[in-house]
Amino acid sequence: MMAAERGAWICFEDEAGHTLRPPKARTWARRGQTPVIPVSGMGSGRISVAGLVCVKPGQRTRLLYRIKVHRRHKGERSSFAETDYVALLDAAHQYLKAPIVLVWDNLNTHISAAMRELADSRDWLHVIQLPAYAPDLNPTEGVWSHVKRSLGNLAVTGVDQLAAVVKNRLKRIQYRPRPANQLPHPHRPEPRPRTAVTLTSDEGGPVTGHGWRCSLTSAALGGPDEGWPGAHAIWRRSLP
């Protein structure tokens, strides 16, 4: 109601972190041979990403973000500071050209006295705190889940390459037809779509009656990137 009266955007904020060790993901391999993913042991560091999923009735959903590289230098902060959040919000306000209703969690930096003072000095900003332990109320969690799956088993050579890859994944989400607030949420998994499978026998005739078994190969499934759509099942009659 408040956002509608002020003509404001509702912006859901959240953070995520990535290291040089990639998240594990399912992959294809020969039977009995466990896949081995090489990980660079040289260098160190991590990256932090702060994102805003901005929604407004009648407008296309926007995804805005900031990436910060941490090289583990002495005295370097390993997370976003209050000034980093304010810089992101100022840039979002300039881009959206409208007031902002900010919705985020109770991270200690979000509720600090410095952050409250910075927020109060901006009349176009209204802050709403999410309840404790309520990640399912924040659609930005779906963005992080999507990015994490896309980084599965990825071995990078350094933190700069990792930052470039994460930026590339986020840009894909920015320009995809599906809005960022409709991505699958890690705490509310989407049901897997049913896939039509063509059933044929070895002789090319229709599959009828009993005594048939189905075998699916990785080649038939098209590999892990292509998934199930278009899979072709080969049914064979079990001999007595």
Side-chain angles (χ1 to χ4, degrees), residues 1-6 8-19 21 23 45-57 59 61-70 76-96 98-151 162-163 166-167 169-170 173-174 178-190:
M1 193 69 177
M2 178 188 306
E5 292 176 352
R6 302 178 61 184
W9 287 77
I10 302 177
C11 297
F12 297 87
E13 194 278 341
D14 197 46
E15 311 81 22
H18 302 279
T19 64
R21 178 177 295 180
R46 61 187 297 272
I47 67 170
S48 297
V49 188
L52 290 170
V53 172
C54 308
V55 297
K56 185 179 181 180
Q59 299 288 335
T61 302
R62 278 19 179 230
L63 171 63
L64 309 176
Y65 62 89
R66 282 285 178 92
I67 296 179
K68 189 172 183 179
V69 178
H70 310 287
E76 180 187 17
R77 186 185 177 100
S78 59
S79 61
F80 280 96
E82 287 86 351
T83 53
D84 298 317
Y85 290 116
V86 168
L88 173 61
L89 294 171
D90 287 342
H93 175 58
Q94 184 177 4
Y95 175 76
L96 299 172
I100 291 177
V101 175
L102 177 65
V103 183
W104 59 7
D105 57 21
N106 296 292
L107 186 70
N108 55 355
T109 312
H110 295 171
I111 60 177
S112 67
M115 189 70 241
R116 290 180 180 177
E117 182 179 352
L118 291 170
D120 292 341
S121 64
R122 287 156 174 80
D123 57 357
W124 47 264
L125 179 63
H126 181 80
V127 180
I128 297 177
Q129 305 289 151
L130 286 170
Y133 307 106
D136 55 318
L137 300 180
N138 195 334
T140 316
E141 293 280 355
V143 175
W144 304 147
S145 177
H146 182 82
V147 172
K148 183 178 179 180
R149 287 198 303 271
S150 70
L151 297 177
L162 176 62
V166 171
K167 184 177 181 179
R169 301 297 192 268
L170 290 170
I173 299 175
Q174 281 183 318
R178 189 176 189 183
N181 63 320
Q182 294 182 11
L183 289 173
H185 198 286
H187 300 279
R188 298 192 303 272
E190 277 192 333

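As the structure is a prediction and not an experimental result, all values here were calculated from the model.
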Handout entry: Contacts of Trp104 that satisfy ring-ring contact (aromatic ring centres under 6.0 Å, His included) - sequence neighbours left out
Key = Tyr85, His110
Fill in the blank from the handout: Ser112 and Glu82 have their tightest heavy-atom pair at OG-OE2, 2.8 Å
Exercise for the section: Answer yes or no: does atom NZ of Lys148 have more than 12 heavy-atom neighbours from other residues, nucleotides or ligands under 6.0 Å? Expected result: no
Problem - Nearest atoms (heavy-atom pairs only) where Leu64 meets Cys54 - result: CD1-SG, 4.2 Å
Problem - Smallest separation among heavy atoms of Val101 and Ala8, with atom names - result: CG2-CB, 4.0 Å
Practice task
Look at the side chain of Ser48 and the backbone N and O of Phe80, then say whether any donor-acceptor pair between them is shorter than 3.5 Å.
Solution key: no
Exercise for the section: Determine whether Asn138 and Val103 make a side-chain contact, defined as any pair of heavy atoms from C-beta on separated by less than 4.5 Å. Expected result: no
Exercise for the section: Rounded to the nearest 0.5 Å, what's the gap from NE2 on His70 to NE2 on His18? Could you check? Expected result: 11.0 Å
Practice task
Indicate the atoms forming the closest heavy-atom contact of Thr140 with Gly51, along with that distance.
Solution key: CG2-O, 4.0 Å
Handout entry: Side-chain heavy atoms of Trp144 within contact of Val49, under 4.5 Å
Key = yes
Handout entry: Test item: Asp14 and Val143 side chains (from C-beta on) under 4.5 Å apart, heavy atoms
Key = no
Handout entry: Steps toward side-chain contact (heavy atoms from CB on, under 4.5 Å) verdict (Phe12, Val55)
Key = CA-CA 8 Å; Phe12 297 87; Val55 297; 4.1 Å; yes
Handout entry: CG-OH distance between Asp105 and Tyr133, expressed to the nearest 0.5 angstrom
Key = 11.5 Å
Problem - Donor-acceptor under 3.5 Å (Gln174 side chain, Leu63 main chain) - result: yes
Practice task
Over all heavy atoms of both residues, which pair between Ala81 and Thr109 is shortest? Give the atoms and the distance, please.
Solution key: C-CG2, 4.1 Å
Practice task
Supply the atom-to-atom distance Thr83 OG1 to Leu118 CG, rounded to the nearest 0.5 angstrom.
Solution key: 8.0 Å
Handout entry: Interatomic spacing from CD in Glu15 to CG in Leu107 - rounded to 0.5 Å
Key = 5.5 Å
Could you pull out all donor-acceptor pairs under 3.5 Å where a side-chain atom in residues 86-96 meets a protein atom, sequence neighbours excluded?
residue : atom : partner : partner atom : Å
Asp90   : OD1  : Arg122  : NE           : 2.9
Asp90   : OD2  : Arg122  : NH2          : 3.2
His93   : ND1  : Ala98   : O            : 3.0

Handout entry: Arg66 vs Asp84 side-chain heavy atoms within contact, under 4.5 Å
Key = no
Practice task
Search all heavy atoms of Gly17 against all heavy atoms of Arg46 and return the closest pair with its distance.
Solution key: CA-NH2, 3.5 Å
Problem - Value rounded to 0.5 Å, distance of CG in Leu162 from CZ in Arg21 - result: 13.5 Å
Handout entry: Atom pair CG/CG of Asp120 and Leu125 - distance to nearest 0.5 Å
Key = 9.0 Å
Problem - Ala134: partners by side-chain contact (heavy atoms from CB on, under 4.5 Å), with sequence neighbours left out - result: Pro131, Asp136, Leu137
